[in-house]
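We number each residue from 1, following the sequence as shown.
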Amino acid sequence: GAEGSTLMSYFSKNEIQALKPKITFSTLRDLQCPVLQSNDLQGKPEESCSTEELFEWLGAVLNQVSLDNKSSSFLSTYCCPEPNTVVEKAFLCTITGFIIPEKIIQLLEQLCCYFGEPKLAYWLTLTVHGFADSPVSWRESEHGFHKGGENLYNFVIFRNLDYWLQMAVGAHDDCPP
């Protein structure tokens with residue numbers, strides 16, 4: 001209606017272009033990855049890593065922190081949890097922008113195609129971050145920014161299509177149902 005056309009004239013074409021999600025791809029070579037078992041959330045010594053260890057590792061990878069535990073590093077002495085395996089090539093895709101839930105479901109479905117032939121991936125992850133200063137987080141509650149504005153969830157999907165769902169929110173936020 002008239003309201004829609006007024007809105008369209010309010011935003012210039014360039015501003016609307018700026019709202020399109022930005023997509024970046026990178027290839028990580030010889031990446032140390034935790035060994036995971038879909039049915040073992042706690043992990044077992046020398047067999048698999050826990051969900052917490054994976055979450056921490058993922059944070060390091062997404063922030064491009066070195067995993068080699070060098071004492072000379074001023075940034076981090078973090079190293080990949082045990083047991084781990086070296087993956088020759090891992091793909092990292094980052095999409096930045098306002099993304100509706102339907103698109104996230106579509107992304108999940110497309111990611112699961114990686115488990116088709118040839119079966120190279122044992123597991124994959126999809127992390128969805130809300131903006132740190134978003135006014136809302138989960139449920140109908142306001143989002144408490146306070147220190148870090150944590151507001152994210154992460155899917156870990158396995159080859160047998162089992163999955164883990166991890167969620168992180170700030171201390172003053174409502175937890176999801």
Engineer: What residues, two or more places apart in sequence or in another chain, satisfy side-chain contact (heavy atoms from CB on, under 4.5 Å) together with Leu107?
Structural biologist: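 Leu107 satisfies side-chain contact (heavy atoms from CB on, under 4.5 Å) with Ile95, Gln110 only.
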Engineer: Does any part of the side chain of Phe158, heavy atoms only, come nearer than 4.5 Å to the side chain of Trp164, both counted from C-beta?
Structural biologist: yes
Engineer: With a 4.5 Å cut-off on side-chain heavy atoms, are Ile23 and Cys93 touching?
Structural biologist: yes
Engineer: Working to the nearest 0.5 angstrom, can you tell me the gap between Lys44 NZ and Gln37 CD?
Structural biologist: 8.0 Å
Engineer: What I'd like to find out is whether the side chain of Cys33 reaches to under 4.5 Å of the side chain of Tyr122, using heavy atoms alone.
Structural biologist: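 Sidechains of Tyr122 and Cys33: no contact.
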Engineer: List the steps and the verdict of side chain to side chain contact (heavy atoms under 4.5 Å, CB included) for Val128 and Leu152.
Structural biologist: CA-CA 6 Å; Val128 181; Leu152 66 104; over 6 Å; no
Engineer: Find the distance between CG (Leu165) and OG1 (Thr51) and round it off to the nearest 0.5 Å.
Structural biologist: 11.5 Å
Engineer: How close do Val61 and Leu28 get, heavy atom to heavy atom, and via which atoms?
Structural biologist: CG1-CD1, 3.7 Å
Engineer: For a quick test of reading the model, state the closest non-hydrogen atom pair linking Trp57 to Gln32 and the distance between them.
Structural biologist: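 Closest pair (atom of Trp57, atom of Gln32, distance): NE1-O, 2.9 Å.
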Engineer: Looking at every heavy atom in both Pro81 and Pro34, which two are closest together, and how far apart are they?
Structural biologist: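 Nearest pair, atom of Pro81 first, then Pro34: CG-CB, 4.1 Å.
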Engineer: Can Leu54 and Trp123 be said to form a side chain to side chain contact (heavy atoms under 4.5 Å, CB included), step by step?
Structural biologist: CA-CA 12 Å; Leu54 168 78; Trp123 52 267; 3.8 Å; yes
Engineer: Taking C-beta and beyond as the side chain, do Ser48 and Leu36 meet within less than 4.5 Å on heavy atoms?
Structural biologist: no
Engineer: Could you go through the side chain to side chain contact (heavy atoms under 4.5 Å, CB included) check for Leu92 and Leu62 one step at a time?
Structural biologist: CA-CA 8 Å; Leu92 179 60; Leu62 296 179; 3.5 Å; yes
Engineer: Could you measure the distance from the NZ atom of Lys22 to the OG1 atom of Thr94? Nearest 0.5 Å is fine.
Structural biologist: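 Nearest 0.5 Å value for the NZ-OG1 distance: 9.0 Å.
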Engineer: Keeping Arg159 on the side-chain end and Ala121 on the backbone end, is there a donor-acceptor pair under 3.5 Å?
Structural biologist: yes
Engineer: Any side-chain heavy atom of Pro21 within less than 4.5 Å of one from Thr96?
Structural biologist: no
Engineer: Is there a side-chain contact between Phe55 and Thr127 in this structure, where contact means two heavy atoms from C-beta onward sitting under 4.5 Å apart?
Structural biologist: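 No, their side chains stay 4.5 Å or more apart.
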Engineer: Got a second to check how far Ser50's OG is from Leu41's CG, nearest 0.5 Å?
Structural biologist: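 Spacing of OG (Ser50) from CG (Leu41) equals 9.0 Å.
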Engineer: Hey, what do you get for OG1 (Thr125) to CD (Gln166), rounding to the nearest 0.5 Å?
Structural biologist: 9.0 Å
Engineer: Do Val156 and Val87 belong together in a cluster built from hydrophobic side chains that touch within less than 4.5 Å?
Structural biologist: no
Engineer: Identify the heavy atoms of Leu161 and Phe115 that sit nearest to each other, and give their distance.
Structural biologist: CD2-CD1, 4.0 Å
Engineer: Any side-chain heavy-atom pair from Arg29 and Lys89 closer than 4.5 angstrom?
Structural biologist: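 The answer is yes; the side chains approach within 4.5 Å.
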Engineer: Drop me the distance from Cys49's SG to Asn84's CG, to the nearest 0.5 angstrom.
Structural biologist: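 Rounded to the nearest 0.5 Å, the SG-CG separation comes out at 7.0 Å.
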Engineer: Which heavy-atom pair separates Asn154 from Leu126 by the least distance, and what is that distance?
Structural biologist: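 Result for this residue pair: OD1-O, 3.2 Å.
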Engineer: Please report the closest heavy-atom contact between Phe155 and Leu108, naming both atoms and the distance.
Structural biologist: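 Minimum heavy-atom contact is CE1-CD1, 3.7 Å.
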Engineer: State, yes or no, whether a side-chain contact exists between Thr27 and Phe91 at a heavy-atom distance under 4.5 Å.
Structural biologist: yes
